[in-house]
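Remarks on the structure that follows.
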Amino acid sequence: MYSSRRAHGRPALAGRTEEVLLSEISTVIPLGRTMSRSRRTVGSPTGLLILLALGAALSGASISIAGRAVRLDQVASLLLAVRLATELLFGFRRLFIDGATVALGGYFAVTAFSSLTAPDPSNSILQTGNIAVLGIIYVWLINFLDSPTVFNRFVRVNFMVAIGAIGFGVVVYLAALVGVSDVLAPIGFSESVGYGAHGTMREPNIFGSYAALFFVLGLTTVAGRSSLPDLKLTSRLRLVSGVGLVLSFTRASWVGALAVVLPLLIGLRRRLRWSRIAALAGSAILAVSIAASPLVPENYLKFKVQNLVNFNTSSAAGRLAIWDKALTESVERPWFGWGCYSYGDKNAEPGTPRALRPWIGNFAVTALHDSGIIGTSLLFLFLGINLIGGLRASRQLWSIEPTSSVRLVGLVYGVVALLIAFLATTGFSYGYPWIALGLIGAYRRRARQLLRRRRLTVGDKLALESPPLTA
């Protein structure tokens with residue numbers, strides 16, 4: 001379902017066999033423990049949800065099914081679809097659909113419709129299916145995360161998997177810096193020191209945005225009340241993801257994280273724990289020290305910082321030229337667009353391999369070009385319902401489940417950081433942004449359920465205390 005490609009000249013990971021994937025996972029302790037747990041629960045929703053988290057972290061790797069490269073997050077999503085359909089068929093579960101689900105379904109319907117008249121309809125329809133398989137992760141999570149036990153376990157597993165995947169990327173990059181990256185060649189890993197860490201991800205932009213999401217999530221532990229195990233886990237997450245974010249050397253991810261950190265801390269200012277702020281500062285100093293060390297190519301960090309929002313660099317200029325052409329083409333089909341990932345089919349030179357065709361490195365411009373004004377409006381409606389509704393739900397949860405409230409705030413701000421980072425790439429082709437959005441939707445549903453339960457409890461209490469009616 002997904003082909004290997006090079007993005008902006010950065011090395012892409014080739015498809016790997018199942019044995020290679022297991023060797024990658026066992027390299028990192030948290031990933032190894034998580035996989036062993038998923039084996040014990042395979043076939044249950046918990047096992048499939050753990051597989052989904054693993055697949056999102058291994059987005060640079062794929063397995064071959066019927067001669068086609070398929071990623072683990074896509075496999076997990078399809079298995080969850082089978083599971084949900086079976087439970088619905090036998091009456092074990094009722095399907096839950098919210099307003100965001102309707103908007104998301106409308107977006108994919110418009111994209112599929114526009115793909116029928118794309119320059120290469122078969123490819124555009126196939127790509128629509130690839131993204132829809134991932135987008136529907138939102139529906140699986142708001143339905144399956146209906147138990148506090150499953151919910152909390154899934155959140156913790158995502159944290160553990162992120163620590164393992166980002167930590168592995170950092171280790172591989174440091175190995176390249178000290179000149180021992182050849183040791184990792186037998187399992188298919190090589191890093192280009194000139195671009196930044198990417199580990200199990202497709203390329204540094206994706207790795208950086210993934211690290212930014214979990215860094216913001218880990219940042220929320222500087223406020224709120226957490227149990228000691230949760231505090232230790234999220235502290236490790238914050239440290240590892242912060243180092244990974246810096247070593248990705250991706251400016252869009254840096255800008256996304258920086259744009260939300262200050263508003264997040266201001267929003268949580270009354271709940272801050274200053275000892276944790278000091279630990280956060282220490283993590284930042286460690287990450288910058290590594291990035292500025294003599295091991296990294298000379299002045300690379302300085303160049304990235306000085307050109308943080310410079311649109312005159314070669315990579316920025318190339319993106320701007322593509323965006324300008326894509327927007328010009330969008331005017332020709334303003335309402336429904338040209339079809340999913342049709343830019344490369346429309347503008348590539350004849351005979352250019354599909355993996356080397358140009359693509360739009362901006363999620364908003366991609367949506368407008370591929371699905372027009374109608375599809376883009378539905379996509380932003382889906383995002384708006386989740387983000388605004390997530391902030392409202394976090395306020396409702398604070399007096400009931402403060403830890404969930406703080407995590408939900410982190411998820412909302414983390415997705416905002418992702419959207420900023422995705423202005424320089426197309427990350428919705430991967431599972432991890434859909435997992436984050438699905439968690440927001442699941443937290444929103446949980447907030448509604450808890451509030452409804454509280455109202456019923458209060459109503460019953462008032463009824464019992466009311467004096468009897470007399471004639």
Side-chain angles (χ1 to χ4, degrees), residues 49 53 96 98-100 138 141-160 162 212-238 241 257 259-277 279-280 383-419 433 435-458:
L49 290 170
F96 174 76
D98 59 3
Y138 177 86
L141 294 186
I142 64 174
N143 278 276
F144 282 120
L145 298 183
D146 56 354
S147 160
T149 301
V150 175
F151 204 134
N152 293 328
R153 185 179 298 169
F154 182 66
V155 171
R156 285 181 59 82
V157 165
N158 271 278
F159 285 2
M160 293 172 62
L213 169 65
F214 283 98
F215 174 71
V216 175
L217 268 171
L219 189 64
T220 57
T221 58
V222 300
R225 305 165 233 168
S226 298
S227 63
L228 187 59
D230 282 344
L231 181 59
K232 287 183 177 180
L233 181 63
T234 49
S235 296
R236 293 168 187 156
L237 177 68
R238 184 176 60 241
S241 59
V260 303
V261 165
L262 186 58
L264 178 60
L265 293 179
I266 291 174
L268 298 173
R269 63 188 180 279
R270 296 181 181 178
R271 311 168 192 170
L272 292 179
R273 304 291 187 269
W274 292 106
S275 60
R276 302 177 196 174
I277 291 286
L280 174 64
L383 294 172
I385 291 173
N386 266 294
L387 297 179
I388 297 172
L391 290 177
R392 184 182 300 115
S394 71
R395 291 193 294 269
Q396 296 168 342
L397 283 170
W398 176 247
S399 61
I400 310 171
E401 292 183 353
T403 300
S404 297
S405 173
V406 172
R407 280 181 179 170
L408 180 52
V409 170
L411 278 166
V412 170
Y413 278 86
V415 168
V416 172
L418 278 184
L419 295 179
I435 290 177
L437 288 162
L439 282 170
I440 293 175
Y443 272 122
R444 289 172 48 236
R445 183 186 183 189
R446 179 158 179 76
R448 286 194 297 268
Q449 290 173 335
L450 291 175
L451 285 175
R452 188 180 303 117
R453 194 177 305 161
R454 172 179 281 188
R455 292 192 194 102
L456 291 174
T457 302
V458 172

Check your understanding: Do Val155 and Leu145 come close enough that some side-chain heavy atom pair is under 4.5 Å?
Key -> no
Review point. Would you call Trp398 and Val409 a side-chain contact if the rule is heavy atoms closer than 4.5 Å?
Key: no
Point to revise | Close side-chain approach of Leu219 to Tyr413, heavy-atom, < 4.5 Å | key: no
Review point. Relative to each other, are the rings of Tyr443 and Phe151 parallel, tilted or perpendicular (30° and 60° limits)?
Key: tilted
Check your understanding: Just by modelled atom types, is the Ile142 backbone N or O under 3.5 Å from a matching donor or acceptor in the Arg445 side chain?
Key -> yes
Practice item. Provide the closest heavy-atom pair for Val261 versus Phe215 in the form atom of the first, atom of the second, distance. Key: CG2-CE2, 4.1 Å
Study note, to complete from the structure: Of all heavy-atom pairs linking Arg444 and Gly390, the shortest is CD-N, 3.7 Å
**Study point:** For the student: nearest non-hydrogen atoms of Ala212 and Ala257, plus distance
**Key:** CB-CB, 4.4 Å
**Study point:** Heavy-atom side-chain proximity of Leu141 to Phe154 below 4.5 angstrom
**Key:** yes
Check your understanding: Any side-chain heavy atom of Val216 within less than 4.5 Å of one from Val415?
Key -> no
Review point. Is there a donor-acceptor contact under 3.5 Å from the side chain of Asn158 to the main chain of Ala53?
Key: no
**Study point:** Minimum heavy-atom distance Arg407-Leu217, with the two atoms named
**Key:** O-CD2, 3.7 Å
